[in-house]
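Shown next, in structure tokens, is the structure this report addresses.
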Protein chains: 2
Amino acid sequence: MRCTISDIARIAKVSKATVSRVINNKSEGVSPETAQRIREIIEELGYRPNSLARSIANSRAKMLGLVIPDITNPFFPNLVRGIEDYANSCGYTVFLCNTDNNPEKEEQYLLSLIDKRVDGIILVSTTSQSCTLEQLNKYNIPFVLVDRPLTNEYIDLGVYANNYKGVYTAVEYLIGCGHRDIAFLGGTRKVITTTERFEGYRDALRDANIPLDKSLVKFGDYSIASGIAMMEKLIEEKAGFTAVMAGNDLIAIGAVKALRHHRIKVPDQCEIIGFDGIELTEIFDPAISTVVQPIYEIAIESAKLLIGKINGEITSSRKIIVEPTLVLRATTRNNKTQE
Amino acid sequence: MRCTISDIARIAKVSKATVSRVINNKSEGVSPETAQRIREIIEELGYRPNSLARSIANSRAKMLGLVIPDITNPFFPNLVRGIEDYANSCGYTVFLCNTDNNPEKEEQYLLSLIDKRVDGIILVSTTSQSCTLEQLNKYNIPFVLVDRPLTNEYIDLGVYANNYKGVYTAVEYLIGCGHRDIAFLGGTRKVITTTERFEGYRDALRDANIPLDKSLVKFGDYSIASGIAMMEKLIEEKAGFTAVMAGNDLIAIGAVKALRHHRIKVPDQCEIIGFDGIELTEIFDPAISTVVQPIYEIAIESAKLLIGKINGEITSSRKIIVEPTLVLRATTRNNKTQE
DNA sequence: ATTGTAAGAGTAACCGGTTTCGTTCAATAA
DNA sequence: TTATTGAACGAAACCGGTTACTCTTACAAT
């Protein structure tokens with residue numbers, strides 16, 4: 001049966017305090033013999049301290065919350081893995097929450113995490129302004145934002161990719177290849193990263209003195225289906241373009257599929273660059289050229305930040321911007337990686 | 001600041017018991033006016049009950065453990081999603097644990113879940129016999145096994161795909177198409193599902209009076225790289241085969257890549273069928289014909305089983321076998337789905 | 001022999017809730 | 001008017017741990 005510290009104490013004929021000391025390896029105050037005896041009893045009975053009880057006693061749960069839109073989105077498994085790995089190595093376990101980009105679900109999950117008194121939260125937020133964050137602040141729960149910045153006064157820890165520069169570099173590359181008619185297929189306008197990426201595109205064109213052609217710019221959402229739809233529309237509208245900057249890899253894949261469906265050769269007739277660098281881009285045939293975010297590194301960095309904050313090692317506000325890398329593969333003609 | 005039930009009680013000039021009654025909507029014993037007043041104070045102070053404390057008070061954590069090999073493996077996100085969705089709808093949150101197929105990690109995670117006194121565990125196990133399960137049993141923590149059966153006396157709840165029949169049907173289909181030289185590219189022999197799938201292959205050949213050609217059978221692991229390696233070997237050995245049954249979809253994709261690399265046309269010169277039905281099979285070009293496991297359904301079913309057991313609605317042993325479906329796509333010639 | 005000190009261990013309060021049981025008091029029945 | 005009843009609520013024990021504080025006792029120092 002389930003046994004408690006009292007059971008162990010009773011059997012060992014000592015007090016709960018002594019057993020507790022042994023459990024926590026506080027050697028002071030316990031003779032080696034007593035400690036040994038208690039340890040043997042613990043071993044024999046297979047006793048495991050109730051970590052919930054410990055958590056409430058010393059108000060440290062050793063648990064983290066991880067709130068993301070959807071684990072089914074190929075961008076996130078690696079992020080989750082990285083965070084889980086690092087957290088685990090520090091003795092934390094992590095709660096996974098999928099919000100489906102639904103602000104209500106996000107709110108509900110955050111509250112649930114507050115209720116559990118998690119030590120910290122890593123959040124890829126859907127909403128651009130969550131009032132629950134106020135609550136987090138009130139309950140003194142540290143959190144770090146990943147991928148998507150929020151416009152909120154409480155934010156002080158974050159890890160973001162340099163979306164602007166990533167797209168800027170990619171578009172600059174395309175321009176350098178001689179393209180002037182470059183389409184932009186963006187994701188949902190609801191998230192700020194979409195805007196950042198678009199601005200990278202816009203400014204790269206501007207800096208090359210290429211006027212922005214609005215008919216070459218589409219927005220949808222970050223899915224293959226949307227990529228197909230946007231590209232279909234582009235083709236239908238007979239837009240003249242020779243290259244495409246996609247808002248993410250899924251859109252890029254969708255675009256490739258649509259182009260192929262219309263017998264437009266990639267990269268011969270149209271070069272395409274994606275964004276994110278999910279594994280799929282390597283697997284897909286043709287392998288997608290893309291702006292790679294170091295997802296695992298972002299994950300580790302954010303977990304490190306959070307746990308640093310929890311441990312009081314980080315007190316100031318801190319934003320980490322990671323630089324993405326342009327990786328050229330089979331959807332661009334010159335298949336070598338940029339510096 | 002963080003406030004507790006005592007704070008609320010003090011401010012409302014009632015006892016903790018009364019506040020507790022209000023929190024739990026136990027209308028008996030509290031006048032509507034008092035309840036209302038307390039609710040207002042709770043609202044105003046943004047008080048949230050500490051669910052850890054509640055958990056230990058009524059020894060129900062409302063938490064589930066989910067132990068899988070690797071969320072990065074495209075098979076698992078959907079499983080995780082399904083389980084999380086169902087659990088969440090029942091008021092449970094879930095801990096995610098990645099074991100990397102490492103028995104030690106699995107052990108460690110299971111212990112950690114025991115320590116947290118989760119109400120139940122869903123386990124895709126690495127080891128074929130885990131002694132920690134004994135511990136689970138001892139602590140009376142219900143668990144359900146998914147995907148991989150264990151040879152252990154404590155197992156009584158499980159959800160598995162009919163691997164044998166899935167492969168049998170697929171191979172039978174290939175034979176029906178006239179193939180006699182069908183290769184089998186299996187995953188790691190460490191998991192029982194590999195054997196089950198192989199046996200489906202073996203028996204389908206046997207029942208068609210086709211002798212088993214050992215040179216057409218390879219084992220590796222469940223990855224694209226392994227699929228490529230096995231296929232390369234097959235080609236190198238100049239094995240004469242006209243169709244391939246892959247141990248899973250990643251192997252199938254690897255095989256397709258290798259074949260394509262050798263300018264062997266799929267499906268014209270070689271038909272291929274995968275297993276699992278991960279999303280990638282639809283995205284990949286050519287779309288992979290595969291034996292689809294209803295992953296989301298498996299997830300829901302296993303969560304349902306677990307929560308049923310937790311609630312005492314399920315008392316007997318129960319194994320659910322889900323039947324996979326053969327879905328024909330672009331790696332087989334006759335692109336229509338079998339019944 | 002007396003005092004001082006520190007190691008070993010126990011007592012009890014505490015963490016933040018739930019729940020049983022008992023008390024108070026007003027409304028109703030006799 | 002008195003007994004009965006039940007609604008409203010409080011006191012206190014409990015869940016399973018941690019920890020500040022106190023008490024013994026043995027041993028060294030004076």
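Lettering of chains follows the sequences in order, A, B, ..., and the numbering in each one begins at 1. Just so we're clear, the structure is a prediction, and the values are computed from it rather than from any experiment.
Within the 4.0 angstrom heavy-atom criterion, no nucleotide atom of any strand lies near A:Ser59. Nucleic acid contact class of A:Val14 (heavy atoms, under 4.0 Å, all strands): sugar-phosphate only. Residue B:Thr34 is classed as a sugar-phosphate contact, given heavy-atom separations below 4.0 Å to backbone atoms only.
For the pair B:Asp7 CG and C:dC15 C1', the interatomic distance rounds to 13 Å; values are reported in whole Å. The CD1-P distance, from B:Ile5 to D:dG10, rounds to 12 Å in whole Å. Summarising the geometry, the separation between CD on A:Glu33 and C1' on C:dA9 is reported as 13 Å, rounded to the nearest angstrom. In this structure, B:Leu52 places its CG atom 21 Å from P of C:dC14, rounding to the nearest Å. To the nearest angstrom, C1' of D:dG16 lies 17 Å from CD1 of B:Ile114. If you measure from atom CD of A:Gln36 to atom P of C:dA9, you get 13 Å, rounded to the nearest angstrom. D:dG17 atom P lies 12 Å from atom CZ of A:Arg48, rounded to whole Å. As a whole-Å value, the separation of A:Arg2 CZ from D:dC15 P is 13 Å.
Mapped onto DNA chain C by nearest heavy atom, B:Tyr47 and B:Arg21 fall at different nucleotides, with B:Tyr47 at the one closer to the 5' end. For the pair B:Ala17 and A:Pro49, nearest-nucleotide mapping onto DNA chain D gives the more 5' position to B:Ala17. Between A:Ser6 and B:Val30, the residue anchored nearer the 5' end of DNA chain D, judged by the nucleotide with its closest heavy atom, is B:Val30.
Minimum atom distance to the side chain of A:Ala57 is reached by C:dC15, of the listed D:dA12, D:dT19, C:dC15. Closest to the side chain of A:Ala53, out of C:dT19, D:dG17, D:dA20, is D:dG17. Nearest nucleotide to the side chain of B:Ile56, out of C:dG16, D:dA11, C:dT18: C:dG16.
For the pair A:Lys16 and D:dT19, the criterion of a side-chain N or O lying under 4.0 Å from OP1 or OP2 is not met. Taking side-chain N and O atoms only, A:Thr4 has no distance below 4.0 Å to OP1 or OP2 of D:dG16. At the phosphate of C:dC15, neither OP1 nor OP2 sits under 4.0 Å from any side-chain N or O atom of B:Asn50. Within the 4.0 Å cut-off from OP1 or OP2 of D:dG17, not a single side-chain nitrogen or oxygen of A:Asn58 is found. Side-chain nitrogen and oxygen atoms of A:Ser31 include none within less than 4.0 Å of the OP1 or OP2 phosphate oxygen of C:dA7. Proximity of A:Ser51 to the phosphate of D:dG17: no side-chain N or O atom is located under 4.0 Å from OP1 or OP2. For C:dG17, the OP1/OP2 oxygens have no side-chain nitrogen or oxygen of B:Ser20 closer than 4.0 Å.
Side-chain contact of A:Gln108 with A:Glu104: a donor-acceptor pair under 3.5 Å is absent, judged by distance alone. For the residue pair A:Thr193 and A:Tyr160, no side-chain donor N or O sits within less than 3.5 Å of a side-chain acceptor on the partner.
The pair B:Lys309-B:Asp156 counts as a salt bridge, with a side-chain nitrogen and a carboxylate oxygen less than 4.0 angstrom apart.
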Chi angles and distances behind the side-chain contact (heavy atoms from CB on, under 4.5 Å) call for B:Lys62, B:Arg54: CA-CA 10 Å; B:Lys62 282 292 199 174; B:Arg54 307 177 85 171; over 6 Å; no
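Each of B:Ile320, B:Leu123, B:Ile298 was evaluated against B:Val146; a single residue qualifies, B:Ile298, per the side-chain contact (heavy atoms from CB on, under 4.5 Å) test. When the options A:Ile23, A:Ile5, A:Ile8 are evaluated for a side-chain contact (heavy atoms from CB on, under 4.5 Å) with A:Pro49, the one that passes is A:Ile23. Among A:Leu157, A:Val67, A:Leu145, A:Val144, the one residue that satisfies the side-chain contact (heavy atoms from CB on, under 4.5 Å) test with A:Ile122 is A:Val144.
In terms of modelled atom types and a separation under 3.5 Å, the side chain of B:Asn50 and the main chain of B:Leu52 share a donor-acceptor contact. Remark: the backbone N or O of A:Met63 is paired with a side-chain donor or acceptor of A:Asp119 at under 3.5 angstrom.
Rounded to 10 degrees, the angle separating the terminal helix axes of the helix from C:dA1-D:dT30 to C:dA30-D:dT1, each built from five base pairs, is 60°.
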